[in-house]
Each structure stands twice: as structure tokens, then as C-alpha cells.
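The structure under discussion appears below in the form of C-alpha cells.
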Amino acid sequence: GGPGTLGAAGGVSAKEAVVCPADGRSGRSTVRRRQHGIRKLASLLEYVSSPRLVRLRANGVPKGHYLDLARPWLAQLPIRSVLDVGANTGQFALAAHEVFPQATIDSFEPLPDCHDKLSRRLAAVPGASAHRLAIGESAGTIQMHRSSYSPSSSLLRMADAHKEAFPFTRDTVEVDVEVARLDDVCANLTLADDLLLKIDVQGYEDRVLRGASTTLRRARLLIIETSF
């Protein structure tokens, strides 16, 4: 049967079936609420079972970033330098410091307000530096499309598909920012080989890589955000 016939086809009583309109919206809403409740319960249980996660949350360290980096095979790598390209307000950098506490961290964020918050958050992290800079394939000044949801800001125009999927990100303003090649920047930094390079720049990743050929040869681990 089609929409609205679940009572007959799925073994649901007529009394139960009448609360679901023909388009199934009420049923889907109930399912979403239940799924949300299950996710919240699972997250709560994670915190209950791990006091460290409670401490990290209190210190502003995102649980997702930390758990991604704290995988046993990854945490045991000899990472002594971290390059955080597209740092936003330091979410990844704070998590990286928890997993690799002896590593230096250089975070790159071109938006003034985000960089200010990044700088404040990294002030308490030994060996961490915040650079107000975008990273690309050439040096100069470029317009950045600053989204009302700052993590969605990009040096590229936001695609219509992104706006439709995430409407809360669609409002943007243009901001002039400084851009440089990662290889040029790293030539003036003190970095240890076997470094970790993380890139999350909303579609600009290929340009970052073009300006980072030397840096890539020094990297032990490369983390790149992708969407599909």
C-alpha cells in the first residue's frame, strides 16, 4: 500500500493508524523525535562512562574532534607539529592538544572575529600560535564569503545545493583577507617532521594542496574535510 495505508499493510490498528495523515508527516516527526532522544541518551551515557569527556567539554574541547583523534592507532603516532588550516575558533586545535600534548600547533584563520576568539582560546595552550591568514596556492589579498554560520565561510561562493541543505548558512558578506602559500609560511616556522596537517576550508582544499607540496612531504598524517 501507499502512504496512509500502514494500518492495513503494517499490522497497525485502525485506531493507531488514524493519527498519521496521508503524507506521513506526523509519523516522520515522531520518528525524528525518538531518534533525537536516542542520540541524546547515547551522548549522555558516553559522558557518564568517561569523566575525561566531562572535563574536555568544560574546557571547550569538542567531543567529536577529540574522539576522532584519540583512536589508538592515531594517538600513538609521533606527531610533534600540527598545522590547522581553516581553524575557525580552535575546535580542532584544542582536541589536537589533548591527544598530542607535546606538539606545537599553528592554526590559520583569516576571519577577524574568529581569529580573535581562536587567539584567546589558544593563549592557554603551550606551543600554540594563531595566524590571521588564509592558505591557498598564491599570496595576496582575496575576498572571503563570510557566512552567518562562520564554519561555512569560504573563499568560494556558496553553492545553491549547500544553501538548500543548510539554509541557516546562506546569508553571507564579503571580507577582504590575506592569503599565503603554506610552503612559504612554513619556511618561517619551526616544525618537526612527521607533522599532522589538517585542512578544512569549505571547498578550497585543492588550492591549499597546490601551495603545500614541500609541506606534504613532511607530513605523517593528512586530515581533509570532504562533502559528498
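Residue indices begin at 1 and follow the sequence shown.
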**OP:** Report yes if some heavy atom in the side chain of Leu209 is under 4.5 Å from a heavy atom in the side chain of Ile199; otherwise report no.
**Re:** yes
**OP:** Can you see which heavy atom on Leu74 is nearest to which on Asp68, and at what distance?
**Re:** CD1-O, 3.9 Å
**OP:** Kindly say whether Val201 contributes a backbone atom to a donor-acceptor pair with the side chain of Glu205 at under 3.5 angstrom?
**Re:** yes
Subject >> Aromatic plane relationship, His65 with Phe92 - under 30° parallel, 30 to 60° tilted, over 60° perpendicular >> reply: perpendicular
Original post:
Any donor-acceptor pair under 3.5 Å linking the side chain of Asp183 with the backbone of Thr214?
Top reply: yes
Original post:
What pair of heavy atoms forms the shortest contact from Lys198 to Gly86, and how long is it?
Top reply: NZ-O, 2.7 Å
**OP:** Hey, could you give me the CG/CD1 distance between Leu195 and Ile79, rounded to the nearest 0.5 Å?
**Re:** 7.0 Å
**OP:** Looking only at non-hydrogen atoms, find the nearest pair between Ala192 and Ser81 and report the distance.
**Re:** N-OG, 2.8 Å
Subject >> Contact check, side chains of Pro112 and Arg146, non-hydrogen atoms, under 4.5 Å >> reply: no
**OP:** Mind checking the CE-CD spacing from Met144 to Gln202? Nearest 0.5 Å is all I need.
**Re:** 8.5 Å
Original post:
When rounded to the nearest 0.5 angstrom, what distance separates CG in Leu122 from OG1 in Thr89?
Top reply: 9.5 Å
Original post:
Which distance, rounded to the nearest 0.5 Å, do you find between the NE2 of His131 and the OG of Ser119?
Top reply: 9.5 Å
Subject >> Side-chain (Ser153) to main-chain (Ser147) donor-acceptor, under 3.5 angstrom >> reply: yes
Original post:
Is a side-chain donor or acceptor of Asp193 paired with a backbone partner of Arg218 at a separation under 3.5 angstrom?
Top reply: no
Original post:
So, does Glu109 use its side chain to make a donor-acceptor pair with the main chain of Asn88 at under 3.5 Å?
Top reply: yes
Original post:
Does the side chain of Leu83 come within less than 4.5 Å of Leu191's, by heavy atoms?
Top reply: yes
Subject >> Residue pair Ile223, Leu69: steps toward the side chain to side chain contact (heavy atoms under 4.5 Å, CB included) verdict >> reply: CA-CA 10 Å; Ile223 300 175; Leu69 288 174; 3.8 Å; yes
**OP:** Decide, yes or no, whether a salt bridge links Arg210 with Asp206 under the criterion of side-chain N to carboxylate O below 4.0 Å.
**Re:** yes
Original post:
If you look at every heavy atom in Ala75 and Phe100, which pair is closest and at what distance?
Top reply: O-CE2, 3.8 Å
Subject >> Straight-line distance of Asp84 CG to Gln91 CD, nearest 0.5 Å >> reply: 8.5 Å
**OP:** Please answer whether the main-chain N or O of Gly127 pairs with a side-chain N or O of Thr104 as donor and acceptor at a distance below 3.5 Å.
**Re:** no
Original post:
Got a second to check how far Leu77's CG is from Asp194's CG, nearest 0.5 Å?
Top reply: 8.5 Å
**OP:** Keeping the roles fixed (side chain from Lys117, backbone from Gly90), state whether a donor-acceptor pair exists under 3.5 Å.
**Re:** no
Subject >> Candidate pair Leu197 and Leu182, rule side chain to side chain contact (heavy atoms under 4.5 Å, CB included), full reasoning >> reply: CA-CA 11 Å; Leu197 171 58; Leu182 190 59; 3.8 Å; yes
Subject >> Working for side chain to side chain contact (heavy atoms under 4.5 Å, CB included), residues Val208 and Phe108 >> reply: CA-CA 12 Å; Val208 173; Phe108 302 91; over 6 Å; no
**OP:** Can you see which heavy atom on Tyr66 is nearest to which on Ala95, and at what distance?
**Re:** N-CB, 3.7 Å
